[in-house]
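Computed from a prediction, not measured in an experiment: that's the story for all the values here. Every chain is numbered from 1 and lettered A, B, ... according to where its sequence line falls, protein lines coming before strand lines.
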Amino acid sequence: MNNESLYIKRRLEFIAGLIVFLFLLIIIRAVDLQAFKHEEYRKKAERQRTVQYQVIAPRGAILDAAGHTLAESIRVPSIAAIAEDIPPQSIPQIAKILGVSSKSLYKRLAKRKGFVWLDRHVAPEVATQINALNLPGIREESEWQRFYPRGAEVGHLLGFVGIDGNGLEGLERKFNSTLQGQMGIREVRKDAARHLLPGSNWIQSTIAGEDLELTIDSGIQSMAFAALADAVRDNGAKGGSVVVIRPKDSAILAMVSWPAYNPNNFKKFKPDQWRNRAVTDVFEPGSTLKPFTIAAALESKRWKPTSLIDCENGHYRVADYVIHDDHPEGVIDLTRLLVRSSNIGAAKLAKDVGADALYRILDQSGLTMKSPIAFTGESNGISPSPESWGPVETANIAFGQGIAVTTLQLASAFNVFANGGVYIPPHILKNQHNAMQSLRTEVFSSKTASQVLTMLEATTLRDGTGTQAIPMGYRVAGKTGTAQKANRHGGYAKDRYTAVFAGIVPADRPELIIAVVIDEPAKSIYGGSVSAPVFRNIAANALPYLGVSPAQGMMPPPPSIEVKTAPVNTTDNAPTISFLQLSLREARVLAHTQQIKLITHGSGWVAQQKPKKIESLHPGDQVEIWLHE
Amino acid sequence: MKHYFSKKHPGIDLWIVGTTLALMCFGLIMVGSASLDVSSVRYDNPLRMIRNWVFYMPLGLLIIVVVSHIDIQKVKSYSVPILFVMMIIMSLLLIIGHETNGATRWYSIMGFSFQPVELFKPALILYMAFFISSNPEKLRTFKHGILPMLVVLSGGLTLLMLQPDFGNTMLLLSSCFCLWLVGGIPVRHLFLLIALTIPAIGAAVIFEPYRMLRLVSFIDPWADPYSSGYQLIQSMLAFGVGGIQGTGLGQGIQKLFYLPEASTDFIAAVIAEELGLLGIFLLIALFAILIWRGFRICLRSKEMFERLMALGCTLLIAISAIINMGVVMGLFPTKGMPLPFISYGGSALIGNSILIGILLGISRQQALASTAAGKPVKKSRAQSHA
């Protein structure tokens, strides 16, 4: 009995030992899993539980000099999905809300695994409806959409941003890294049924992009844009550009181009319209380069503003090439040379000072290289080096042929005259003001500068070419230019011109440099009649806006606001029709639409019509028009 | 409760009472944590499983109290008819039972479902204890000793394998083996049995490919992480994520449908994730105490039937716990085996309550016997609480 109970005790102990052994095994395994493999398994579990996705940082705003917003990022909802997590039976529902066919949505989800955008920048109602479905694998994601409150006015300057937040054109592209900030990575947890769990972590938080403060003055930008648009339309031109800079520090106050586009829906426009012509397109400056030739002559000390020069009555042979003047002159002084814009006089001066001296002036005035801003697509201009200049080239460059510049280059070069002979490279970022001051270059003496300035003012007076540039009450120093456009074959196109005006206003205390370039005007080709009025238009608005008082004894008319009233009701309410100022083609179109019989005389633009006042016309009536060049 | 036990029932094992209550409370808390989300998705009512569990727990306590008042010696003579009835119920199950997930383990009556195996297990233990203690002399022979028990066991296990329920098969096989070892079956018979069993288990594994797959996947779950290894990987990840301290009660993520049966078979993984290694140690400690007290009752038994009943009840709980925890930690192949008193499930709670009731009843009988013999063994502890 004692033996048996010992036997039983031993066997019970054996079983108990087995159980203890198994428990120890379990404890060891638990310690192994929970203490030693903790990190490894935690990471594995996190990987299966979490979905990471990138979050675009809010892009920095672009502000004008006064701090007004030119571009800002606005939070808008987008619809994102994890393709394989979306239950197939809910696809028609989603498709209905997104306004697409369920077939195409099904295809899109089948095509890719993982993260996929279903629709971006949607209306808030769409996001609300999607959220209400509470489906796995689909969620609202907030994104940033770029908004340009001033629209087309700043389109070329600012450029635009693609849907993924990259600047694609203009300053948006140029300063993309500054504006963009740093993308963040966000992590969301989900359960095994693929429902997203509340709360999310930032693996890497977004760093908001920096704001960009420009030297642009939105007011002047608007004025320049409106003036350019009017001029292009009125002159039937192909395009154009205007740059306005501040003489003191070469800050760019306005930069506009035409044709324009709206950066808020840039996709609706042709890529050709996106081009910021003020910096990407070059033109032959023509006569606007003559002040620099004169400056070179004055710097040589052999010439004075009163020095006389023979302008050969309009015909002058250089090597095997004959130079013509539009306004033939005999022996005149340098001021008169500039006023009458004599090519022959300029060519003779250039011949005298030599290619190197002229090139130095052009080079140091910034006409041979792009600005330090290096705008997206900015051109260097085209300027052959002086070693390659023969007598013909030197003569041509003296009056602005055989060299090509951008509107920005021309404006900042003209600043040299306003700035006492010192060139300051243009800048567009407010904080670059000081950096630019250190890049000041003395191109010529302040005496030369003031002499040329005085001569430039003379071109806008009396019988000068730039009389149309003068805003009431202010003095202007400027120069017109009309250059034939180069054709594809290296020669000049017969009837395609660039009309240019560059000027400084007020001439006595410079506040603005304005360069206007109109590309292929159709009605008049001359800088004096096409571009100078644009200059006047901008100056007349911008100077009072800046608080610049008019010259003494030259009171401008009090600013008035024109209020358009409803047209007076004429007897039979028929619109009045005028053919005046229309081209032959336009006149024919108008006549056709009004079902009027048209009798035409001459060619060019309509100068006269009969009857003079067309008040009531009936189909089949007859109108006679006379056209003049 | 304690007053009731200490006055009228001197010597009832308060360790077992306390540990069982602790396990049940632990289970209630963990089922609560694990089932909220599953319930709200599956039944559209997050509290449904907790509500059921709160209803089952007093039922379990009632069963413990009632069974502990039954003198096990008086049940001894009914062991054959009880087993017979249970065998019939188990056989009928294969015909009219409710099939879920490819296994027929449930009777579904009036919206309630019941797993008869939970009653079959105590019935089989009762029969084995009765047979061994009734014929101590015959045990030495193979024919009249182990063979009849082997036939009965094989019948029962065949019914289980037909469900199929591999986990409970293993549980009953190992428990009976221990009963025979302690009951006095010659060791050579047991070795013969082992020699026969191992090829049988091997055959069962090979002829049922899903078992083969489970067996392989438990060795290297990462080989097929999205299908056969998936459950085990999710369970092991839960352990790993929990670390020493756990993520905090209710803070687990693995229970959110990553774990296949978070509130039943894989509840230990939820404990591991939310309460960490400390929670697992607590769990192991509670079971260790229960098993220690069970063996203590066993050792104190003066009589074979009582001893084997105590051992059988203790082993059913101990081996269930070991299999469950071993499975969720990837030590054994995956089997559907609930963790006693912790896993959600009414049938298992009722079955386990019967086992605890039997243990408590035996401890009470032992105390009464020793008091009668003039040796108040258990008195001191019991009265110190009064």
Side-chain angles (χ1 to χ4, degrees), chain A residues 1-51 84-85 134 136 187-201, chain B residues 37 41 136 174 177-178 181-184 187 222 225 233-246 253-260 268 272-273 276-281 283-284 287-288 291-292 295 298-299 301-302 304 307 311 314-315 318-319 321-323 325-326 329-331:
Chain A
M1 189 66 194
N2 206 11
N3 248 357
E4 198 197 317
S5 66
L6 191 69
Y7 166 88
I8 288 167
K9 203 183 167 209
R10 286 277 171 273
R11 290 191 175 196
L12 278 174
E13 278 169 0
F14 171 72
I15 293 167
L18 268 179
I19 289 173
V20 168
F21 169 74
L22 289 170
F23 266 80
L24 279 178
L25 213 61
I26 287 169
I27 289 170
I28 290 167
R29 179 68 164 179
V31 171
D32 175 45
L33 288 174
Q34 302 200 262
F36 298 118
K37 293 206 173 116
H38 170 58
E39 267 310 300
E40 180 195 339
Y41 281 17
R42 195 185 55 78
K43 278 182 195 147
K44 276 184 174 157
E46 277 305 306
R47 218 173 300 139
Q48 81 171 9
R49 290 167 180 185
T50 55
V51 197
E84 65 270 24
D85 290 1
N134 191 27
E187 194 179 62
V188 182
R189 287 179 155 198
K190 57 171 188 174
D191 67 18
R194 317 234 188 244
H195 285 99
L196 300 176
L197 301 177
S200 60
N201 288 337
Chain B
D37 294 274
V41 169
S174 49
F177 195 86
C178 293
L181 184 67
V182 173
V187 176
W222 309 101
I233 286 175
Q234 295 309 326
S235 174
M236 282 162 68
L237 287 181
F239 274 80
V241 169
I244 309 281
Q245 293 179 322
I253 302 282
Q254 290 299 96
K255 67 190 179 193
L256 301 174
F257 314 101
Y258 288 102
L259 285 170
E273 185 182 10
L277 191 58
L278 300 176
I280 291 295
F281 279 172
L283 185 68
I284 290 172
F287 279 111
I291 295 162
W292 161 52
F295 270 89
C298 229
L299 284 165
S301 297
K302 295 280 179 294
M304 189 52 94
R307 177 182 300 128
L311 180 65
T314 306
L315 285 177
I319 297 172
I322 288 169
I323 290 178
M325 289 192 285
M329 293 186 204
L331 289 171

Notebook entry, point to check: So which of B:L331, B:I319, B:I244 has the largest heavy-atom pair count under 4.5 angstrom toward chain A?
Noted result: B:L331
Note to self: Nearest 0.5 angstrom please: A:I27 CD1 to B:M329 CE, how far?
What the structure shows: 9.0 Å
Next item on the list: Please state whether the side chain, the backbone, both or neither of A:F36 comes within less than 4.5 Å of a heavy atom of chain B.
Entry: neither
Margin query: Please classify the contact between B:Q254 and chain A as side chain, backbone, both or neither, with a heavy-atom cut-off of under 4.5 Å.
Written below: both
Note to self: Walk me through whether A:H38 and B:L277 qualify under side chain to side chain contact (heavy atoms under 4.5 Å, CB included).
What the structure shows: CA-CA 10 Å; A:H38 170 58; B:L277 191 58; over 6 Å; no
Next item on the list: Examine whether an atom of B:L259 lies under 4.5 Å from a heavy atom of chain A, and if so say whether it belongs to the side chain, the backbone or both; otherwise answer neither.
Entry: neither
Item checked: Among B:A318, B:G184, B:G246, residue most engaged with chain A (heavy-atom pairs, under 4.5 Å) -> B:G184
Notebook entry, point to check: CG/A:L25 to CE/B:M325 distance, rounded to the nearest 0.5 angstrom?
Noted result: 11.5 Å
Margin query: Applying a heavy-atom distance below 4.5 Å, give me the residues of residues 17-24 of chain A that approach chain B, sorted by number.
Written below: A:I19, A:L22, A:F23
Notebook entry, point to check: Tell me, side chain or backbone of A:E13 under 4.5 Å from chain B's heavy atoms, or both, or neither?
Noted result: neither
Checklist line | Portion of B:F295 that has a non-hydrogen atom of chain A nearer than 4.5 angstrom | finding: side chain
Item checked: Distance, nearest 0.5 Å, that separates CZ of B:R307 from CD1 of A:I8 -> 4.0 Å
Check: Among B:M236, B:M304, B:E273, who wins on heavy-atom pairs under 4.5 Å with chain A?
Finding: B:M236
Checklist line | B:L311 versus chain A, the contacting section by heavy-atom distance below 4.5 Å | finding: side chain
Next item on the list: Sorted by first residue and then second, give each side-chain hydrogen bond (donor to acceptor under 3.5 Å, both in side chains) pair with at least one member in residues 23-32 of chain A; sequence neighbours left out.
Entry: A:D32-A:K37
Item checked: Structural part of B:I280 lying under 4.5 Å from a heavy atom of chain A -> side chain
Next item on the list: Check the pair A:R11 / B:V187 against side chain to side chain contact (heavy atoms under 4.5 Å, CB included), numbers first and verdict last.
Entry: CA-CA 11 Å; A:R11 290 191 175 196; B:V187 176; 3.0 Å; yes
Checklist line | Heavy-atom side-chain contact between B:F177 and A:I15 under 4.5 Å | finding: no
Check: Looking only at atom types and distance, does a side-chain atom of A:Q34 sit under 3.5 Å from a main-chain N or O of B:A272, one as donor and one as acceptor?
Finding: yes
Item checked: A:K44 vs B:I233, side chain to side chain contact (heavy atoms under 4.5 Å, CB included): CA-CA, chis, key distance, verdict -> CA-CA 10 Å; A:K44 276 184 174 157; B:I233 286 175; over 6 Å; no
Notebook entry, point to check: Measuring from B:L237:CG to A:K43:NZ, what's the distance to the nearest 0.5 Å?
Noted result: 13.5 Å
